[in-house]
*Asks:* 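Could you have a look at this structure, given as structure tokens, before my questions?
The figures that follow rest on heavy atoms only: side chains count, while hydrogens, waters and symmetry mates do not. Counting starts at 1 for both ligands and their atoms, following the listed order.
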Amino acid sequence: MEDDGIGYSKSGLVAKMRESGNVHVDGDVTFKLAEAYGFCWGVERAVQMAYEAKKQFPDANLWITNEIIHNPTVNDRLGEMGVQFIEETAEGKDFSGCKEGEVVILPAFGASVHEMKLLNDKGVNIVDTTCPWVSKVWNAVDAHTRKEFTSIIHGKWAHEETIATASFAKTYLVVKDMKEAQYVCDYVLDGGDREEFLAKFKNAYSEGFDPDTDLGALGIANQTTMLKGETEAIGKLLEKTMMQKHGVDKLNDHYMVMDTICDATQERQDAMYKLVDDKPDMMLVVGGFNSSNTSHLQEISEDASIPSFWVDTHARLDADTNTITHRLAHGELVETKDWLPAGKVTIGVTSGASTPDKVVEDVIDVIMATKKKMSGAPAR
Ligand code: SF4
């Protein structure tokens, strides 16, 4: 099979499905591929830059500050090529092994200001694969900081992208969902228990953050892989709250919004909603288990009450026993026996922005092998 070296096959089954209306029928199984799925251009670009770095610095020690993207297959491949991962210790990342003149790759979701300064001071060659859409969010946060606004970041405080984004802000608060945003807005309008606020958002705000003094002027920013609709709803809620609190004529002094929602995340989510509307019997979601955008694709399917199976590699499926080990949107790993039904079945298929097509194809192969075993036919 033709492969461009990063697992983005141009002639495999997924490519064929794309050419034939995103549908593939094999015996009793109909696969329906989402209209937008898999590698986004930011991820493809990052992986290509990392491979190019290896070519251009063949004899140098190559490091990467984190997984380049959230996909085990791609990261393993980089490891095989000799790229070393900076170790994460209890005190943070250990850059001690990395020396002047060596090459350090920054991942697609960026690195913190602190890390970039440290690497500059070390005199290493930096290959910065940060996605331009992530940089756009940083520009928004930088604009908040210059106006002395607090950045409200819709994201997960422990996610590397959000850590990097927060490092550009002087004052920030990370909210993970609408519920948390509502709590913040209620505090802005009616006040509340300061200690409870600080305990609730522990680890999610900048040093010295005080809800009594730091919620007067707000700007919204987002982790690029969060649900687009939720980011927009949080933005609207903050805007309304600031209008109510300070008056509509003073809104611009108290609230800042810039369009920083990545097209790729939006397209994949929209395509998932469309696929859900087609009501397949079940959904297959392929992507790294620590991939935030993949978890949101799974969430859309779960919310629509369609049985949905999120796996990161084909190794999660066992054709002999018709068993799958899969993850739910909110983190639990579940083993389901007899997950494929006998007879005809339509399976919706999508994959996260950091998933090579080859990984999806390997999963489909095991599904077909399972069906063949169930029907007693020899597997191909
Ligand atoms: S999902 Fe969007 S922001 Fe993230 S790497 Fe891809 S294009 Fe960039």
Side-chain angles (χ1 to χ4, degrees), residues 4 6-8 34-53 64-75 78 105-112 116 127-142 151 153-168 174 176 220-232 235 258-273 285-300 310 312 329 350-357 359-360:
D4 63 356
I6 54 174
Y8 188 82
E35 280 172 16
Y37 64 91
F39 266 8
C40 59
W41 70 268
V43 159
E44 201 178 341
R45 172 180 174 274
V47 177
Q48 267 162 349
M49 282 176 78
Y51 282 29
E52 192 61 30
I64 186 151
T65 60
N66 216 314
E67 293 188 336
I68 185 152
I69 56 170
H70 287 140
N71 186 276
T73 314
V74 173
N75 290 308
L78 286 171
I105 303 168
L106 306 183
F109 37 80
S112 70
M116 283 195 268
V127 176
D128 183 0
T129 79
T130 306
C131 175
W133 276 98
V134 175
S135 309
K136 208 170 159 187
V137 178
W138 294 352
N139 290 339
V141 168
D142 190 49
S151 298
I153 305 170
H154 175 217
K156 297 173 184 166
W157 63 263
H159 189 282
E160 300 91 328
E161 185 189 313
T162 293
I163 293 171
T165 298
S167 75
F168 283 82
V174 182
K176 75 169 184 300
I220 174 109
N222 59 303
Q223 185 181 309
T224 54
T225 46
M226 298 304 276
L227 278 177
K228 175 208 165 204
E230 193 169 44
T231 300
E232 284 175 346
M258 288 160 94
D259 180 12
T260 57
I261 294 176
C262 151
D263 284 343
T265 304
Q266 181 183 329
E267 279 170 12
R268 275 148 195 72
Q269 289 170 6
D270 289 349
M272 190 61 174
Y273 283 117
V285 177
V286 187
F289 281 169
N290 49 358
S291 157
S292 182
N293 76 84
T294 311
S295 78
H296 290 310
L297 296 176
Q298 170 73 12
E299 194 176 346
I300 291 169
W310 171 13
D312 53 351
T350 189
S351 54
S354 46
T355 310
D357 289 355
V359 180
V360 179

*Asks:* I want to check something: taking the side chain as every heavy atom from C-beta on, are F109 and C131 in contact at a cut-off of under 4.5 Å?
*Replies:*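 A side-chain contact under 4.5 Å is absent here.
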
*Asks:* I need the D259 CG to N222 CG distance, nearest 0.5 Å.
*Replies:*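 Rounded to the nearest 0.5 Å, the CG-CG separation comes out at 8.5 Å.
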
*Asks:* Answer yes or no: is there a donor N or O on one side and an acceptor on the other, between the side chain of T162 and the main chain of G155, under 3.5 Å?
*Replies:*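 No: the side chain of T162 does not pair with the backbone of G155.
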
*Asks:* Sum up the protein N, O or S atoms located under 2.8 Å from atom 6 (Fe) of ligand 1.
*Replies:*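 Considering protein N, O and S only, atom 6 (Fe) of ligand 1 has 1 within range.
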
*Asks:* Is any side-chain heavy atom of V74 closer than 4.5 Å to a side-chain heavy atom of P356?
*Replies:*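 In contact.
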
*Asks:* Just by distance, no angles: are the side chains of T165 and Q223 close enough, under 3.5 Å, to form a donor-acceptor pair?
*Replies:*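 T165 vs Q223: no donor-acceptor pair found between side chains.
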
*Asks:* Angle between ring planes, F168 versus W138, binned at 30° and 60°: parallel, tilted or perpendicular?
*Replies:*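 Because their plane-to-plane angle is under 30°, the rings of F168 and W138 count as parallel.
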
